[in-house]
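The analysis underlying the following values was restricted to heavy atoms, covering all of them including side chains, and did not include hydrogens, waters or symmetry mates.
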Amino acid sequence: MTSFLDFWGCGKGPCRRLAPATRILCGTIVFVCCLVAPVHKPLGVILFACVVTGWTLLCGIPWKTVAGLCMYACILFLPLFLLAPWIETDASANNRWANALAVPLEIGIRGTACIFICVSTVAILDLSEFNRGLAALPLPRMLVALILQIIHQTALLANESRRMACALQVRGMASGCIPKIRFFSALPTIWLLRLINRAERVAAAMAVRGVDTIAVTSIAAPWSTLDVLAVTFTFLLLGIVITFRCVDLI
């Protein structure tokens, strides 16, 4: 199992030369493009595939990670096709099975694309760069603090879960399916207790040290020419995708 922290900063593509805020903004725009792009016609599918493939290559994630993401997407979305016999379709449709399979197929395509876009964006950011990038964007401080805490706690819980699994294996946990199911079903309770205890300790430590609860707004560095060009290109790409979407709906 790949650690949550292993994804951060593993990309070596040209996008690493951009400012952290620019990387986050461009990744968000590309993510929106994947949600908006039409996948019902060949031209829309080609545009959709070019957007996802281009961003993945520009971020430069390792091929081992790409293979793992493909396997994860298959495990996540292939069971949706089992619901095809129960999907209601138009009675006047010529091919009922094709219309029924179109629904899970679109969900799988968009879901896989969103996974690749999110992981590719994470791959060109270290945790410290992600912190600086969010602080430089015009977002509410409460939202920035909430996102950072979600990322921080997710990383801690993922590493603790892997360490607990290793400790149980060393202590002779059975390798069958039932012990693993019991372990995974008990994780939410363990996570909740650990989060509560950690939050109390952090709050007490901050109170003892007299930490001010008001976050200091960081001064955003000026954007370079490369950052402006990257943001402009992604906005133009979003405009093209929206145009294709409007044409597809007409």
Ignoring hydrogens and angles, write down the donor-acceptor pairs under 3.5 Å from the side chains of residues 55-69, residues two or more places apart or on other chains.
unit_1 : atom_1 : unit_2 : atom_2 : d
W55    : NE1    : T121   : OG1    : 3.3
T56    : OG1    : V52    : O      : 2.8

Please tabulate, one pair per line, all N/O donor-acceptor pairs under 3.5 Å involving side-chain atoms of residues 232-241, not counting sequence neighbours.
unit_1 : atom_1 : unit_2 : atom_2 : d
T232   : OG1    : V228   : O      : 2.7
T234   : OG1    : A230   : O      : 3.1
T234   : OG1    : V231   : O      : 2.8

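The same ILVMFWY cluster, assembled from side-chain heavy atoms under 4.5 Å apart, contains both V122 and L76. There is no path of hydrophobic side-chain contacts, each under 4.5 Å, that joins L125 to L18. Hydrophobic clustering, with ILVMFWY side chains joined whenever heavy atoms are under 4.5 angstrom apart, groups V36 together with F244. Under the 4.5 Å side-chain heavy-atom criterion for ILVMFWY residues, no single connected hydrophobic cluster contains both V30 and L229.
Note that SG of C10 is 10.0 Å distant from CD1 of I124, once rounded to the nearest 0.5 Å. One distance of note links CG of L105 with CZ of F77; it measures 11.5 Å at 0.5 Å rounding.
The minimum heavy-atom distance between F48 and I109, with the atom names listed, is CE2-CG2, 3.4 Å.
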Worked verdict on I24 versus E129 for side-chain contact (heavy atoms from CB on, under 4.5 Å): CA-CA 10 Å; I24 297 174; E129 293 175 337; over 6 Å; no
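Although no hydrogens or angles enter the test, the distance criterion places a donor-acceptor pair under 3.5 Å between the side chain of D227 and the main chain of A19. Remark: side-chain polar atoms of R132 are not paired, donor with acceptor, to backbone N or O of P20 under 3.5 angstrom.
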